[in-house]
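Order of the sequence lines sets the chain letters (A, B, ...), proteins ahead of strands, with each chain counted from 1.
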Protein chains: 2
Amino acid sequence: MPERAVAGGKESSVDTPPVESTRERLLNIAEQRFGEGGYEGTSLRAITVAAAANIAAVNYHFGSKEALLRAAVARAMAPVNTERRRRLDQLEAAGQPTAEQLIRAFIEPGLELVLRRGERGAIVARFIGRVAFDPSRRIRELYAAETDPVEARYLAALQQALPRAAPESVAFGYANMLGLLALHQSQALSRAPDADDLEDPGKLAENLIAFLVAAFDRGLRA
Amino acid sequence: MPERAVAGGKESSVDTPPVESTRERLLNIAEQRFGEGGYEGTSLRAITVAAAANIAAVNYHFGSKEALLRAAVARAMAPVNTERRRRLDQLEAAGQPTAEQLIRAFIEPGLELVLRRGERGAIVARFIGRVAFDPSRRIRELYAAETDPVEARYLAALQQALPRAAPESVAFGYANMLGLLALHQSQALSRAPDADDLEDPGKLAENLIAFLVAAFDRGLRA
DNA sequence: CTCTCATTCAAACGTCCGTTTGAACTATGC
DNA sequence: GCATAGTTCAAACGGACGTTTGAATGAGAG
């Protein structure tokens, strides 16, 4: 049963997603399942069954379970990193940015850009958050490698924006910012599945930014 | 080869720990290994080998892998919960406590009491922090069940101490406090294994408390 | 049609997993 | 001494895991 709908052009302007390839389906399902159960807690069989693919497809398209995770992380982080770089460029071009501007330019791409687009956004966010704090150091480093380039620039800019705080203190605050962002992305902080009226991504972003700005401005040692 | 040293009394006043029982060795190693690799990432075989115990000993003494984890969590959290309750009682007896006093009374038992006593303290802290954010909801709830009783009291007291902030906002800040504490306990925030001069538990506690106090006092919406 | 190359498939590989079994061992009370 | 209850042990259980294999299937080029 040939799945492919039509030979067609690239622009089926009506909403007919060009039929996902096996590779794409694997990445999509991997995002969802890894985000739910973590890396160790999710089997390739569970992923391939849900993706309606053969178990061997993972090793054919990616090479191994870990390579599948790596590909999924890279794909999920790409737009976030791009948007963060863009915002940082823009801020620095306009002169010395404030701490709040920097925090906002870091948090919003992580929460909004990823939480916005309906159901899938929340899945991607949870996936990223989960990988960032996976129990295995190996997995965590795999995630860190995907963010590091942008990170260093933000940390440096923050230290310039907060000259009164000691560099180690700014780094401490920066680590806290990374951690809190990942925690909210992973949704591990919301105990009750419902009732969290902060789950509106816009409100959550504003609350988190206000929380962090106050901490950075007045909670760091000199 | 009978392991037991002597029949002796309970008070071998010199430092001769009465020879750990299999049960105790299993709990100690479980703390260490679960803290390193997470629940899914750590096998009972790895634990029993390290504890010089037979693999069947886990099911004999605890019943299952999950029951071993539960027992380890309960044992690790007991002194923390006790100390938190004691401090909260003391604060409330002296009148309306401030937000800073409450935050300190929550953070310090989590960091200090557990980080103080040499090498083992860091192991226990990492174990607790890891379990608190395990990928599996089941495991996280298992941990939450061990803290919940004290938690509710702290949240209520915080809301009283911060009447100008909306209750949801205080709850939001409270969740952030839990998260940051667990992250520092799990040591997932310190990227480099060394070089973290904040690893001195006392300094870390002070930095974290200052960070949180500023955020609670000025970073919550009305 | 034929050849080619990419993709999919069922099946099996060896390994490790948590758990169970039933016998052996130990200490204590009678 | 014997009986008893608590503990340890080697061995095996069935099942799930990530990975590999080699044949089947698909579409496109000549």
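Relative to the six-membered ring of A:Tyr39, A:Lys65 meets both conditions, a distance below 6.0 Å and an angle of at most 45° to the axis. For A:Arg84 and A:Phe106, the positive end sits near the middle of the six-membered ring, less than 6.0 Å away and at most 45° from its axis.
No side-chain heavy atom of A:Arg137 sits under 4.5 Å from any side-chain heavy atom of B:Glu36. Side chains of A:Phe133 and B:Arg130 form no contact here, defined as non-hydrogen atoms less than 4.5 Å apart.
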Contact string for nucleotides 7-19 of chain D, one letter per nucleotide 5' to 3', B = base within protein heavy-atom range under 4.0 Å, S = sugar-phosphate only, - = neither, reads BBBBBB----BBB

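Between the CZ atom of B:Arg138 and the C1' atom of C:dG18 there is a distance of 14 Å, given to the nearest Å.
B:Asn28 and B:Arg33 share no donor-acceptor pair across their side chains, judged by distance under 3.5 Å alone.
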